[in-house]
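First comes the structure, then the notes that go with it.
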Amino acid sequence: MGEQDNRSFGNLILLCERHASEIDATPDDYPADRLRAWKEQQIETRSRAVGLALSDAEVAQAAAVSFTMDDLTERLSAIVPFTPRLRSREEGLDLALRSCRARSRVRLRSTPADRVRAVLVWMAEHAGPAVIVPEGALRVLVAPMGAGKSEEAERWWSQGLTQAWADPEIDIPLWLEAREITSTLAQAVQGALGNDPVRTCRVVVDNLDAVSPRQADQLLFDARQLVLVWPRVSVLATTRPGAGRVEDNERLPVPPWSSRRGLELLRTVLGEDHARIPERHETWQLLTSPLQVHALAGRLRAGGDTQISARELLSGLAADILQRERPQASTQVWEALPRLAAHILNQHGPVQASSFAPQHLVWELEKTGLVVHDGDLLRFALPLFEQHFAAQALREGHTPLESAAAPKSFPDWRYAIAFVMAAAPDEEAEAFMRTLTHTNPAAASWVLDEIATAHGRRPLSPAVPAGKASADGDDPQQVPAVARRLRDATLCWLAGLESLGPLLARHEQGRLIPWAVQP
């Protein structure tokens, strides 16, 4: 066949590249008659299709009755990975508002259900002005647990949400939990927005103290960089003292409540059932933070009194909530809760549900209301629950104190350790402290400082056995016993310091000298 005949229409057939190569490679398997039959079939099929062609109006009509834009969006959403950009602005604003309400109600978990609405109204009526965070700036609310940091941050965040409702050029504000930020802060913000933060945007990073000091420092560094790169962004973080290095110009202290304000909230929580509050200095001191007020209200409603320290009050708050709600759960669930708390603290964040427990147990954990099952991640609904069950894991030996107090793990376990120490009887607390000082003297110092509050603090001096002390407290028989216990504590401390011990106190042949009382 000549070149012209070979390239003529009668000798051409439309094929894909793979089959064309296959035919050229094995011509004996594809005789000319078969290929001509295929070509005739192609021409016939095309001719029928041309005859069935629709006009533009017919195409529009067919599309209208076949699917809508919502149908198309739904089908695309099923195959395209989710991004917040798929939400309309109205949907995003509505979700932000519902999330704000949910956070407010979760913080009132310790409040009786019949008093939640009254407390929310009281808080709205007595809310002070929101803190000020300029655009392009980072500010950090620093205060002890329960002082109202998150409530202050929520007020500032809500102010931003109100502005976003009124002005479409303002981004919906973001609320990020420090522990749930697994990338850089900039990436977390971009992921939550679905785009770069080029417009005015408020960002809250809550609970910096829930991560290790190193992670807290990194998030603060990220925040400083974020507001420099995107100057219309403002960031407000919350933390307890000691978590992350906060610059003086970034720090926003949260002042203690006045006792009168705390008393008003206490009466609101108690309702008509409130009894007269004893006018004692120690009692008034319990009214200086919202969480302490709620904890005291729960204690009074349960028939308790005000003879309790602030640390003991807070350490028992989770137990009070559990006692009031009494979640129905199997023994297997109650045994899993301390293990879950230990897993969360040991791996610095939520755990994979599928790797932690069988599906039926995960469902039971979620049903208690103590645990949140988000995607495939498990976390506690409140930090108080996490600390409560982590302290239980320590007391029951699920996690050795030596492991929790080790330098790498102590930043995550520090509050659980303080809870155990604050609630332990004196003899147990003393043994606990000996182990702590052997393991990590710096951790022992932190725990002592954390639990030794100005009011209602537990005695830190060795206890004197009952029936031995004289009326004036100077029974000489007790001097040797007390001195031996002080010596034992000092030896534990120095042993924990290892090679630094002999440099801080005189030793001879490995023994501490001088010392008035021998072992």
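Side chains of Val140 and Thr238 form no contact here, defined as non-hydrogen atoms less than 4.5 Å apart. With a 4.5 Å cut-off on side-chain heavy atoms, Gln332 and His360 count as touching. Counting heavy atoms from C-beta on, the side chains of Val142 and Leu252 never come closer than 4.5 Å. Counting heavy atoms from C-beta outward, Leu265 and His294 have side chains that approach closer than 4.5 Å. The shortest side-chain heavy-atom distance between Trp257 and Pro290 falls under the 4.5 Å cut-off. Side-chain contact between Val372 and Glu366 is absent, with no heavy-atom pair separated by less than 4.5 Å. Taking 4.5 Å as the limit, every side-chain heavy atom of Gln352 sits out of range of all side-chain heavy atoms of Phe356. In this structure, the side chains of Trp413 and Leu401 stay at 4.5 Å or more apart for every pair of heavy atoms.
Ion pairing between Arg379 and Glu386 fails under the 4.0 Å rule for side-chain N and carboxylate O.
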Inset, instruction - Apply side-chain contact (heavy atoms from CB on, under 4.5 Å) to Leu365 and His373, showing your working. - result: CA-CA 9 Å; Leu365 286 167; His373 184 198; over 6 Å; no

Legend entry - Trace of the salt bridge (Lys or Arg N to Asp or Glu O under 4.0 Å) decision for Arg267 with Glu264: CA-CA 5 Å; Arg267 287 174 173 162; Glu264 289 182 13; over 6 Å; no

Inset, instruction - Test side-chain contact (heavy atoms from CB on, under 4.5 Å) on Trp230 and Val189 and set out the steps. - result: CA-CA 11 Å; Trp230 305 105; Val189 168; over 6 Å; no

Inset, instruction - Quick one: do Gln292 and Thr288 satisfy side-chain contact (heavy atoms from CB on, under 4.5 Å)? Show the steps, please. - result: CA-CA 7 Å; Gln292 288 178 187; Thr288 56; 3.9 Å; yes

Inset, instruction - Show your working on side-chain contact (heavy atoms from CB on, under 4.5 Å) between Val133 and Arg202 and close with a plain yes or no. - result: CA-CA 9 Å; Val133 185; Arg202 298 189 180 197; over 6 Å; no

Inset, instruction - Start with the C-alpha distance between Gln215 and Ser212, add both sets of side-chain angles, then the distance that settles side chain to side chain donor-acceptor pair (under 3.5 Å), and finish with yes or no. - result: CA-CA 5 Å; Gln215 290 172 295; Ser212 70; 3.1 Å; yes

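Side-chain atoms of Ser158 come within 3.5 Å of backbone atoms of Glu154 as a donor-acceptor pair (strictly under, hydrogens ignored). Judged by distance alone, with hydrogens and angles left aside, the side-chain atoms of Asn207 form no donor-acceptor pair with the main-chain N or O of Glu177 at under 3.5 Å. Using modelled atom types, one side-chain atom of Arg179 and one backbone atom of Ala210 make a donor-acceptor pair closer than 3.5 Å. Without hydrogens or angle criteria, Gln347 side chain to Pro350 main chain gives a donor-acceptor distance under 3.5 Å. Here the side chain of Asp167 pairs a donor or acceptor atom with the backbone of Glu169 at under 3.5 angstrom. Between the side chain of Thr435 and the backbone N or O of Ala431, at least one donor-acceptor pair lies under 3.5 Å. Side chain of Lys149 to backbone of Pro144: a donor-acceptor contact under 3.5 angstrom is found.
The distance from atom CG of Leu296 to atom CG of Leu291, rounded to the nearest 0.5 Å, is 11.5 Å. Thr184 OG1 to Leu226 CG: the interatomic distance, rounded to the nearest 0.5 Å, is 8.5 Å. Taken to the nearest 0.5 Å, the CD atom of Glu402 stands 10.5 Å off from the OG atom of Ser409. With rounding to the nearest 0.5 Å, the separation of CG in Leu263 from CG in Leu287 is 6.0 Å. The distance from the CH2 atom of Trp156 to the CG atom of Leu236 is 5.0 Å, given to the nearest 0.5 Å. In this structure, Leu220 CG and Glu250 CD are separated by 7.0 Å, a value rounded to the nearest 0.5 Å.
Using the six-membered ring where Trp is involved, Phe380 and Phe389 have ring planes that are parallel, under 30° apart on the 30 and 60° scheme.
When ring centroids are compared, His388 and Phe419 stay outside the 6.0 Å threshold.
Smallest separation of non-hydrogen atoms from Gln190 and Pro197: CG-CD, 4.1 Å. Taking both residues in full, the closest heavy atoms of Thr268 and Trp122 are given as OG1-CD1, 3.3 Å, listed atom of the first, atom of the second, then distance. Across all their heavy atoms, Leu208 and Ala237 have their closest contact at CD1-CB, 3.8 Å. Smallest separation of non-hydrogen atoms from Ala96 and Ile172: CB-CG2, 3.7 Å. Residues Ala416 and Ala390 share a closest heavy-atom pair of CB-CB, 3.6 Å. Smallest separation of non-hydrogen atoms from Ala188 and Leu176: CB-CD1, 4.3 Å.
Side-chain atoms of Ser330 and Glu364 form a donor-acceptor pair, as typed in the model, at a separation below 3.5 Å. A side-chain donor from one of Arg232 and Thr200 sits under 3.5 Å from a side-chain acceptor of the other.
Within the cation-pi definition used here (under 6.0 Å to the ring centroid, within 45° of the axis), Arg103 qualifies as a partner of Trp157.
Atom CZ of Arg89 has more than 12 neighbouring heavy atoms from other residues, nucleotides or ligands inside a 6.0 Å radius. Sparse packing is recorded around CD of Gln328, with 12 or fewer heavy atoms of other residues, nucleotides or ligands lying under 6.0 Å away. More than 12 heavy atoms of other shown residues, nucleotides or ligands fall within 6.0 angstrom of atom CG in Leu228.
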